[in-house]
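Take a look at the structure set out below.
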Amino acid sequence: MGKKISKTIIWLVVHIIAFFILVWILLGMGPFETYQRIVNRVVSFANGTIAATNNITKTAGDMGRVANHHLNEANDRINGKDPYQDYNSTLDANVRQRNNQ
C-alpha cells in the first residue's frame, strides 16, 4: 500500500514538473508566474463559488420565510380568521386617529 502511494506521489510530481516546463517553453511563462496565475484563477473561482453559495442560501432562506407566511395565513383561514382582519384594523385605527384630531 505504501509503495502505491509513493509511486502515485512521484508520478504526480513528475507530471507537475513536466507541465511547468511545457508552459515555460510553449508560452514563455516562468514557473513562478505560472503558479501565480493558477493560484489567482483558483482563488477567483472560489470567491465566485462562495458568492453564488451565499446567494443560494439567501434565496433559500427567503423561500422558507415566504412558505411559513403562507402556512400561517392558511392556518388562520382554517381557524376562521379573516385574512384582511389585521389590515382592516390598522385602517380603522388610522381613521379613528384622524377623526379625533
Side-chain angles (χ1 to χ4, degrees):
M1 178 89 168
K3 286 186 177 184
K4 281 188 174 185
I5 292 174
S6 63
K7 282 184 181 181
T8 304
I9 291 172
I10 291 172
W11 179 85
L12 185 62
V13 169
V14 168
H15 280 83
I16 290 172
I17 292 170
F19 170 77
F20 280 108
I21 291 172
L22 282 175
V23 168
W24 196 348
I25 292 170
L26 297 175
L27 300 177
M29 291 172 29
F32 185 72
E33 184 182 358
T34 304
Y35 172 77
Q36 287 298 325
R37 283 193 178 194
I38 291 170
V39 167
N40 289 339
R41 294 253 171 109
V42 168
V43 167
S44 68
F45 175 76
N47 288 339
T49 303
I50 290 169
T53 303
N54 289 341
N55 287 338
I56 291 169
T57 303
K58 182 182 177 300
T59 302
D62 292 344
M63 291 172 66
R65 283 187 289 281
V66 169
N68 282 335
H69 176 74
H70 288 299
L71 286 173
N72 290 337
E73 283 184 343
N75 190 32
D76 288 345
R77 287 187 186 125
I78 289 170
N79 293 328
K81 180 180 175 187
D82 180 12
Y84 299 106
Q85 179 179 350
D86 295 334
Y87 181 70
N88 289 336
S89 298
T90 303
L91 286 178
D92 290 343
N94 288 341
V95 170
R96 274 188 241 114
Q97 184 180 14
R98 286 185 189 157
N99 288 339
N100 290 334
Q101 289 179 355

Using 0.5 Å steps for rounding, measure from the [atom1] atom of [X] to the [atom2] atom of [Y].
X: N75; Y: E73; atom1: CG; atom2: CD; value: 11.0 Å
X: I10; Y: I5; atom1: CD1; atom2: CD1; value: 12.0 Å
X: D62; Y: T57; atom1: CG; atom2: OG1; value: 11.0 Å
X: I21; Y: T34; atom1: CD1; atom2: OG1; value: 11.5 Å

Sequence neighbours excluded, every pair satisfying salt bridge (Lys or Arg N to Asp or Glu O under 4.0 Å) that has a member inside residues 6-15: none

Nearest heavy atoms of K58 and R65, plus distance in Å: O-NH2, 4.4 Å

Side-chain heavy atoms under 4.5 angstrom apart, residues restricted to Ile, Leu, Val, Met, Phe, Trp, Tyr: same cluster for [X] and [Y]?
X: M63; Y: L71; answer: no
X: L12; Y: Y35; answer: yes
X: V14; Y: L22; answer: no
X: L27; Y: F32; answer: no

Residue pairs passing the ring-ring contact (aromatic ring centres under 6.0 Å, His included) test where at least one lies in residues 8-28, sequence neighbours excluded: W11-H15

Heavy-atom check, side chain of Q36 versus side chain of E33, under 4.5 Å: no

